[in-house]
Amino acid sequence: MDISFSPKLPLSADEIHYDMISDISENIKQNFKNLILTVPGERVMLPDFGVGLKQYLFTNQGYIAELETAVATRIKDQVNIYLNYIQLDKVSLSNPVDAEGNLLENRLDVLIRFSVPSINLSDYLVINT
């Protein structure tokens with residue numbers, strides 16, 4: 001029997017078992033993605049857990065540099081509390097902007113480069129909201 005870490009999300013199953021994650025790097029990536037997408041207050045008994053990336057979608061932070069700083073700071077703070085084995089290498093937004101740096105569309109495309117030194121892992125997450 002293989003060692004499994006957690007159920008694969010979104011949940012899927014055969015007739016007997018849920019599909020499970022048996023690769024540590026895949027499990028880390030799934031946990032990180034959950035941290036980024038969880039809205040603070042959504043997780044029972046951990047009201048401060050989560051970045052809540054979608055809350056930045058319609059904020060009045062018009063300039064992408066300001067928005068990128070706010071998102072990167074929130075991600076860094078949450079990683080330091082809940083996933084402190086992850087080292088953030090870079091957080092960047094790749095949204096269309098005009099000549100002054102104003103966002104053109106109400107969407108967030110976030111690229112997060114990260115590493116886990118303890119297992120020699122370097123990877124990235126791309127999240128589109």
Side-chain angles (χ1 to χ4, degrees):
M1 178 178 213
D2 292 333
I3 295 175
S4 298
F5 297 103
S6 64
K8 190 179 283 192
L9 298 176
L11 289 175
S12 60
D14 57 21
E15 294 81 32
I16 301 172
H17 301 99
Y18 285 111
D19 293 335
M20 300 294 287
I21 294 175
S22 57
D23 178 62
I24 189 71
S25 60
E26 186 180 347
N27 193 59
I28 288 170
K29 201 168 182 176
Q30 178 174 284
N31 289 343
F32 193 17
K33 184 175 182 180
N34 284 336
L35 179 72
I36 302 298
L37 294 177
T38 299
V39 176
E42 180 180 359
R43 183 123 181 223
V44 176
M45 302 298 288
L46 290 173
D48 297 327
F49 179 88
V51 172
L53 189 61
K54 289 185 181 183
Q55 73 184 348
Y56 295 97
L57 192 55
F58 297 104
T59 61
N60 289 329
Q61 300 178 25
Y63 293 103
I64 194 156
E66 293 171 6
L67 182 59
E68 190 169 71
T69 299
V71 169
T73 299
R74 180 69 183 168
I75 291 171
K76 179 182 175 190
D77 291 347
Q78 288 291 294
V79 164
N80 287 339
I81 295 169
Y82 297 105
L83 300 175
N84 61 4
Y85 52 88
I86 291 178
Q87 177 181 319
L88 289 178
D89 300 325
K90 184 172 183 167
V91 176
S92 58
L93 304 182
S94 60
N95 296 61
V97 294
D98 63 17
E100 288 84 37
N102 295 308
L103 294 170
L104 293 177
E105 296 182 25
N106 287 321
R107 76 172 201 236
L108 284 177
D109 298 332
V110 182
L111 171 66
I112 305 166
R113 295 192 183 280
F114 68 95
S115 57
V116 181
S118 61
I119 62 168
N120 238 3
L121 172 69
S122 289
D123 207 342
Y124 66 92
L125 274 177
V126 176
I127 300 177
N128 303 310
T129 59

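The residues of the chain are indexed from 1 along the displayed sequence. Since we're looking at a predicted model, the values are computed, not measured.
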- Message: Return the CD to CG distance between Q87 and N80, rounded to the nearest 0.5 Å.
- Response: 10.5 Å
- Task: Supply the atom-to-atom distance L93 CG to T69 OG1, rounded to the nearest 0.5 angstrom.
- Result: 9.0 Å
- Y18 side chain near L9 side chain, heavy-atom distance below 4.5 Å: no
- With side chains defined as the heavy atoms from C-beta onward, is the minimum distance between Y82 and N34 less than 4.5 Å? no
- Task: Give, for atom CG of L88 and atom CD1 of I86, the distance between the pair rounded to the nearest 0.5 Å.
- Result: 7.5 Å
- Task: Would you check if the side chain of Q55 reaches a backbone N or O of V39 as a donor-acceptor pair within less than 3.5 Å?
- Result: no
- Message: Using 0.5 Å steps for rounding, measure from the CG atom of D123 to the CZ atom of R113.
- Response: 9.5 Å
- Item | Matching residue for I75 among D77, T73, V79 - test: side-chain contact (heavy atoms from CB on, under 4.5 Å) | V79
- Output for pair (I112 CD1, K29 NZ), nearest 0.5 Å, gives 10.5 Å
- Task: Give the minimum heavy-atom separation between P40 and G50, together with the two atoms involved.
- Result: CG-O, 3.3 Å
- Query: Is it the case that more than 12 heavy atoms not belonging to N84 sit under 6.0 Å from its CG atom?
  - Reply: yes
- Query: Which heavy atom in E26 sits nearest to a heavy atom in K8, and how many Å separate them?
  - Reply: OE2-CE, 3.3 Å
- Item | I36 backbone acceptor or donor facing R74 side chain under 3.5 Å | no
- With rounding to the nearest 0.5 Å, note down the distance linking CG in L108 to OG1 in T129. 4.0 Å
- Step by step, work out the side-chain contact (heavy atoms from CB on, under 4.5 Å) result for I81 and F49. CA-CA 9 Å; I81 295 169; F49 179 88; over 6 Å; no
- Are L111 and L121 joined in one hydrophobic group, where the rule is that I, L, V, M, F, W and Y side chains link up if heavy atoms are under 4.5 Å apart? no
- Item | Hydrophobic cluster membership, Y124 vs Y85, 4.5 Å side-chain cutoff | no
- Message: For a side-chain contact (heavy atoms from CB on, under 4.5 Å) check, start with the C-alpha distance between I119 and I28, then their side-chain angles and the critical distance, and finish with the verdict.
- Response: CA-CA 11 Å; I119 62 168; I28 288 170; 3.6 Å; yes
